[in-house]
Amino acid sequence: MKSYNANRRDFLKNLAQFTGVATLGAYMPYPLFAQDLKQISKKGAKMQTLTLNNGVKMPILGLGTYSLTGKAGQKAMSEAIEVGYRLFDSAQMYNNEAELGAAINAAVKGGIKREEFFIQTKLLESSSEDLAKKSIEKSLKTLGLDYIDSLLIHMPYSQSKAMYRAMESFYKQGILRVIGISNFGAKAYSEFVKSCEVIPAINQCETHLLLQQKPLREAMKSKKTLLQSWSPFIAGKGSILENPALKSIAQKYNKTPAQVVLRFLIEQGISVIPKTSKRARMQENLNVFDFSLSAQNMQILKGFDTNKSAFSWTNNY
């Protein structure tokens with residue numbers, strides 16, 4: 001850890017002042033859904049932000065980077081930055097942390113402040129706390145960053161509690177601004193937080209019109225853990241974007257069905273990280289902050305919920 005502790009205290013002090021958090025390692029019960037509109041860059045879109053349970057602000061909408069690898073993946077990430085994205089979600093499992101880090105560092109060299117970005121990645125399973133610490137160090141090195149904005153445990157592994165203790169250690173040093181979990185259902189979440197010194201700020205789970213995660217949201221409410229939606233369009237399964245009722249609502253607002261889905265989740269304080277490599281789709285997904293859904297349309301969309309996963313491997317915890 002010497003390489004991460006040396007010459008860093010002043011840097012972390014400045015970072016804490018930037019984020020408005022007096023002590024990055026301290027848990028503070030800030031209001032979870034304190035929202036505001038913020039111009040994230042001169043060329044960027046107006047982005048709604050959420051205040052997490054430790055006081056750190058995060059863009060509510062970002063880019064999922066699953067399958068964005070190699071030169072094409074890095075190009076897509078750089079285009080997303082140009083369009084206005086500042087929240088990026090990666091994972092050790094995706095094998096694209098190097099590409100994301102290269103895109104971010106190039107943007108910083110180009111004049112965008114590092115503090116504008118919110119970089120998130122997820123840990124693969126480690127068999128011990130010490131190995132988890134080495135895994136975190138590996139992600140920092142691969143990304144080429146001094147700190148990671150958000151680090152999550154990718155799923156409920158058998159050693160999740162030991163892994164989380166390693167994350168808490170890095171969090172207290174300010175190397176991780178936010179720590180959390182991913183794919184923890186209501187039962188797994190409720191059991192996990194019993195042993196946490198730092199309550200998870202984020203739980204990233206499959207969340208979409210057909211699985212709105214109401215039981216999980218209720219379980220996390222008292223701890224103010226934010227739900228973040230992966231695959232909000234269900235990866236095209238069931239042709240959800242072709243649903244006649246959804247298309248009818250979209251026409252009323254002169255929006256696409258995909259934009260209505262994102263807006264539906266956002267209006268409930270759910271973070272979204274839709275994945276795309278197409279610039280036009282990136283722009284479309286960002287263009288959801290200039291309209292609001294009526295109470296009637298929200299009720300119609302809530303009626304889509306089946307509380308069933310669309311994927312065989314997830315939501316079984």
Side-chain angles (χ1 to χ4, degrees), residues 19 21 23-34 49-60 62 64 87-93 118-126 129 132-133 135-136 139 147-207 213-230 265 268-273 314-317:
T19 59
V21 182
T23 305
L24 288 173
Y27 171 74
M28 293 169 286
Y30 282 78
L32 176 61
F33 296 139
T49 62
L50 291 173
T51 301
L52 301 173
N53 63 9
N54 67 345
V56 172
K57 286 189 176 183
M58 179 185 78
I60 196 169
L87 164 59
F88 290 85
D89 176 75
S90 181
Q92 292 180 339
M93 185 183 292
F118 194 95
I119 307 306
Q120 178 171 276
T121 192
K122 299 182 285 293
L123 285 183
L124 281 170
E125 184 172 19
S126 297
E129 183 175 341
K133 288 180 179 179
S135 184
I136 295 169
S139 276
Y147 66 95
I148 296 173
D149 296 282
S150 173
L151 182 67
L152 313 178
I153 295 177
H154 208 139
M155 58 187 67
Y157 299 120
S158 60
Q159 295 298 320
S160 288
K161 292 182 179 180
M163 292 170 64
Y164 199 75
R165 286 194 297 271
M167 291 164 61
E168 288 176 325
S169 174
F170 279 73
Y171 174 81
K172 291 172 184 177
Q173 297 173 64
I175 297 169
L176 304 176
R177 294 179 64 211
V178 170
I179 56 176
I181 52 182
S182 179
N183 297 306
F184 279 62
K187 182 178 179 180
Y189 170 83
S190 297
E191 178 61 30
F192 184 75
V193 295
K194 291 178 182 178
S195 62
C196 293
E197 183 178 350
V198 179
I199 298 297
I202 297 169
N203 187 7
Q204 183 188 114
C205 295
E206 174 192 357
T207 309
Q213 296 285 12
K214 293 176 183 176
L216 176 58
R217 286 153 62 189
E218 186 62 31
M220 299 192 301
K221 188 175 181 179
S222 65
K223 302 292 186 182
K224 298 184 173 66
T225 300
L226 172 76
L227 176 61
Q228 187 175 69
S229 161
W230 62 257
L265 295 171
Q268 297 178 87
I270 299 171
S271 172
V272 289
I273 47 170
T314 189
N315 203 45
N316 296 316
Y317 305 105

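- Atom CD1 of residue Ile60 and atom CG of residue Leu226 lie 7.5 Å apart, to the nearest 0.5 angstrom.
- With sequence neighbours left out, Arg217 forms a salt bridge (charged side-chain N to carboxylate O under 4.0 Å, His left out) with no residue at all.
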Compile the donor-acceptor pairs under 3.5 Å between side chains in residues 156-163 and protein atoms, sequence neighbours left out, one pair per line.
unit_1 : atom_1 : unit_2 : atom_2 : d
Ser158 : OG     : Glu125 : OE2    : 3.0
Ser160 : OG     : Tyr157 : N      : 2.7
Ser160 : OG     : Tyr157 : O      : 2.9

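- Residues satisfying the side chain to side chain donor-acceptor pair (under 3.5 Å) test with Ser139, not counting sequence neighbours, are Gln92, Glu97.
- The CG atom of Asn53 sits 10.5 Å away from the NZ atom of Lys223 when rounded to the nearest 0.5 Å.
- Residues forming a side chain to side chain donor-acceptor pair (under 3.5 Å) with Ser271 (at least two apart in sequence, or on another chain): Gln228.
- The side chain to side chain donor-acceptor pair (under 3.5 Å) check on Ser90 picks up Asn96, with sequence neighbours excluded.
- Of the inter-residue distances, the one linking Asp149 atom CG with Ile119 atom CD1 reads 6.0 Å to the nearest 0.5 angstrom.
- The heavy-atom pair separating Asn183 from Asn203 by the smallest distance is N-OD1, 3.6 Å.
- The side chain to side chain donor-acceptor pair (under 3.5 Å) search around Thr207 returns none, not counting sequence neighbours.
- Listed here is the closest heavy atom pair of Cys205 and Leu227: CB-CD1, 4.0 Å.
- Judged purely by atom type and a 3.5 angstrom limit, Tyr164 has no side-chain atom pairing as donor or acceptor with the backbone of Glu197.
- Here the straight-line distance linking atom CG of Leu216 with atom NZ of Lys187 works out to 14.5 Å at 0.5 Å rounding.
- Looking only at side-chain heavy atoms (C-beta outward), Thr51 and Lys57 come within less than 4.5 Å of each other.
- Once rounded to the nearest 0.5 Å, the distance linking CD of Gln204 with CD of Gln120 reads 5.5 Å.
- Under the 4.5 Å side-chain criterion, counting only non-hydrogen atoms from C-beta, Ser169 is in contact with Lys133.
- The main-chain N or O of Arg177 is found under 3.5 Å from a side-chain atom of Asn54 such that the two form a donor-acceptor pair.
- Ala132 and Ser126 make their closest contact through CA-OG, 3.5 Å (heavy atoms, listed as atom of the first residue, atom of the second, distance).
- Annotation: the span from Ile179 atom CD1 to Leu152 atom CG amounts to 10.0 Å, rounded to 0.5 Å.
- For Tyr189 against Thr225, the heavy-atom pair with the smallest separation is OH-OG1, 2.8 Å.
- The side-chain heavy atoms of Phe118 and Val178, taken from C-beta on, include a pair separated by under 4.5 Å.
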Take Phe170 and Leu151 through the side chain to side chain contact (heavy atoms under 4.5 Å, CB included) test and state the conclusion after the steps. CA-CA 10 Å; Phe170 279 73; Leu151 182 67; over 6 Å; no

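- Using a 4.5 Å heavy-atom cutoff, the side chains of Gln213 and Ile270 are not in contact.
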